[in-house]
Amino acid sequence: MKLQLNIQPLDSWINIKNEPLLISGPCSAETEDQLLSTAHLLKATGKVSVLRAGIWKPRTRPGEFEGIGSIGLEWLKRAKAETGLPTAVEVANAKHVEEALAAGVDILWIGARSTVNPFTVQEIADALKGVDIPVLVKNPVNPDLQLWIGALERINKAGITKLGAIHRGFSSFEKSAFRNEPMWELAIQLKTLCPELPIINDPSHICGNRELIPYISQKALDLDMQGLMIESHLDPSVAWTDAKQQVTPAALAEMVSKFTLRQPESKNEEFTDKLADLRKEIDKIDDLVLQKLAERMSITQKIGEFKRDNQVTILQVNRWDEIMQKRTSFAKALKLDVNFTEKFLELVHGESIRRQTEIMNAGKVEAGIAAEAHTETK
C-alpha cells in the first residue's frame, strides 16, 4: 500500500545549483566569525546549495555544549545576506519554529531525537500550520519505519507540502564502523511506499568519522537519493561538537567532484531492451524460487505432523546447526554473500517453526478460541 502524501517536487522548492543537492555547514554555530567564515568558504566551492548550522543542540547528557541559542539565528541571517545561500536549522519544539521563522530561516528539519516522539512532532506540526516552508524529517533514532512515516504524515497534515526525509542511520547495539547503522532497507522501503518523496542522505551522522563519508555518499547517490547533508567546519579539529565527522569546505569540494552521478533511467534503446530481457530472466527465476519454497514448506508441514504424532519437539538445535554450516559453505562456493545466506536461512527456518507450531497446537488454539467465545456469551 502506497503512502499518500501531498507534496511538491524537490526542484520546485530548492534551487539545486549543482548536482547532487548539497546541504552543508557546521554541526554547531559556535561564534559569528566561525559561521560566517565557513559560509563564505562553502559558497566559494560552488557546490553547496543550502547552508546548515546547529543552533539548538539536543545532547545525550547535560553539561555538554547544547548550542549557542537564538543569537546564532542572527549570525545565520547575516551569512545568508552575505553569501546568498538559503539557510536550514533543526527545530525541536514550537518555540524553535517561531524563532526560526522570525529570523527568516528558509528550511527547517526535525532531528532524530524529535522524530521518535509523536508528541514533539505534533507540537512542531501545530506551530507550522499556515506556514509555507520546506521541512525535512530525519529518521527516528531507533529503526522504526512507522515512526518515520508518522512524523512525515503529521507535518504534511499541518499543510506542509514542501516535504522531504533525511536518512541519517539508526542506533544499534552491535558495534560496527558506523556511528549509526545505515540500514538502507528502511530508506528503500520508504522510497518504495512514496516514490515522490525526496530523501536526502546524512553521511556525517551515519559515519561518525570523515573517512567513511565518501563511501556512504556515493552509495546513497547510487540508491537514487536526491541529495546529501554533510557537516563542514573551517577547522574541524577545534569544533565544539562532532569534530570527527566534519570536513573542511575544501575537502568537501574535492569529495563532491569525485562522485559518480547516475540517472534512474536511460534513453538508450539498446540498454532498455537488454535490461528488459534480463529482468524477464529474473522474473522466471523468482517464480521458480517461490515454487521451490512452497514445496519446502509442504514438506515442513509433513515433518510437523510427524513430530506431533511422535511427541518430538519442534526445534532440534543440532539439525539447525547442520543446516547453517552446510548451506553457508555451499553458498560461499556459489559466491553468495554469507550474511545474506544466513539471513535468508533464518527467515525460512522461522517460517518453518511457525508452521510446525501451528500444527503442534492446532487443537489447543481451537479450544482457546472456543473458550473465549463461551466466556463472551455469558
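Starting from 1, each residue takes its place in the sequence as its number.
Lys43 pairs by the side-chain contact (heavy atoms from CB on, under 4.5 Å) definition with Lys17, Thr83, Leu85, not counting sequence neighbours. Under the salt bridge (charged side-chain N to carboxylate O under 4.0 Å, His left out) criterion, Lys284 pairs with no residue, sequence neighbours left out. Trp184 is linked by a ring pair (Phe, Tyr, Trp, His ring centres under 6.0 Å) to His167, counting only residues two or more places apart in sequence or in another chain. Take Ala251 and apply the side-chain contact (heavy atoms from CB on, under 4.5 Å) test, not counting sequence neighbours, and it matches Val247, Thr248. Considering only residues two or more places apart in sequence or on other chains, Val97 meets the side-chain contact (heavy atoms from CB on, under 4.5 Å) condition with Val91, Leu101, Leu108, Ile124, Ala127, Leu128. Considering only residues two or more places apart in sequence or on other chains, Arg179 meets the side-chain hydrogen bond (donor to acceptor under 3.5 Å, both in side chains) condition with Asp242, Gln245. Among residues two or more places apart in sequence or in another chain, the ring pair (Phe, Tyr, Trp, His ring centres under 6.0 Å) test is passed with His233 by none.
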Applying salt bridge (charged side-chain N to carboxylate O under 4.0 Å, His left out) to Lys80 and Asp106, what does each step give before you reach the verdict?
CA-CA 10 Å; Lys80 175 182 175 180; Asp106 300 283; 3.0 Å; yes
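Side-chain contact of Lys157 with Gln122: a donor-acceptor pair under 3.5 Å is absent, judged by distance alone.
For the pair Gly25 and Leu51, the tightest heavy-atom approach, listed with the atom from each and the gap, is CA-CD1, 4.1 Å.
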Just list the side-chain donor-acceptor pairs under 3.5 Å for residues 135-146, sequence neighbours left out, or say none.
{"unit_1": "Lys138", "atom_1": "NZ", "unit_2": "Asp202", "atom_2": "OD2", "d": "2.9"}
{"unit_1": "Asn139", "atom_1": "OD1", "unit_2": "Arg168", "atom_2": "N", "d": "2.7"}
{"unit_1": "Asn139", "atom_1": "OD1", "unit_2": "Gly169", "atom_2": "N", "d": "3.3"}
{"unit_1": "Asn139", "atom_1": "ND2", "unit_2": "Gly169", "atom_2": "O", "d": "2.8"}
{"unit_1": "Asp144", "atom_1": "OD1", "unit_2": "Gln146", "atom_2": "N", "d": "3.1"}
{"unit_1": "Asp144", "atom_1": "OD1", "unit_2": "Leu147", "atom_2": "N", "d": "3.2"}

Result block: side-chain N/O donor-acceptor pairs under 3.5 angstrom for residues 285-299, not counting sequence neighbours:
{"unit_1": "Arg296", "atom_1": "NH1", "unit_2": "Ser352", "atom_2": "OG", "d": "3.2"}

Acceptor/donor pairs from residues 329-337 side chains to any protein atom, 3.5 angstrom cut, sequence neighbours excluded:
{"unit_1": "Ser329", "atom_1": "OG", "unit_2": "Gln325", "atom_2": "O", "d": "2.8"}
{"unit_1": "Asp337", "atom_1": "OD2", "unit_2": "Asn339", "atom_2": "N", "d": "3.1"}
{"unit_1": "Asp337", "atom_1": "OD2", "unit_2": "Phe340", "atom_2": "N", "d": "2.9"}

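Applying the salt bridge (charged side-chain N to carboxylate O under 4.0 Å, His left out) rule to pairs touching residues 84-95 yields Lys95-Glu99, sequence neighbours excluded. Within the structure, ring pair (Phe, Tyr, Trp, His ring centres under 6.0 Å) contacts touching residues 10-62 (residues at least two apart or in different chains) are Trp56-His96.
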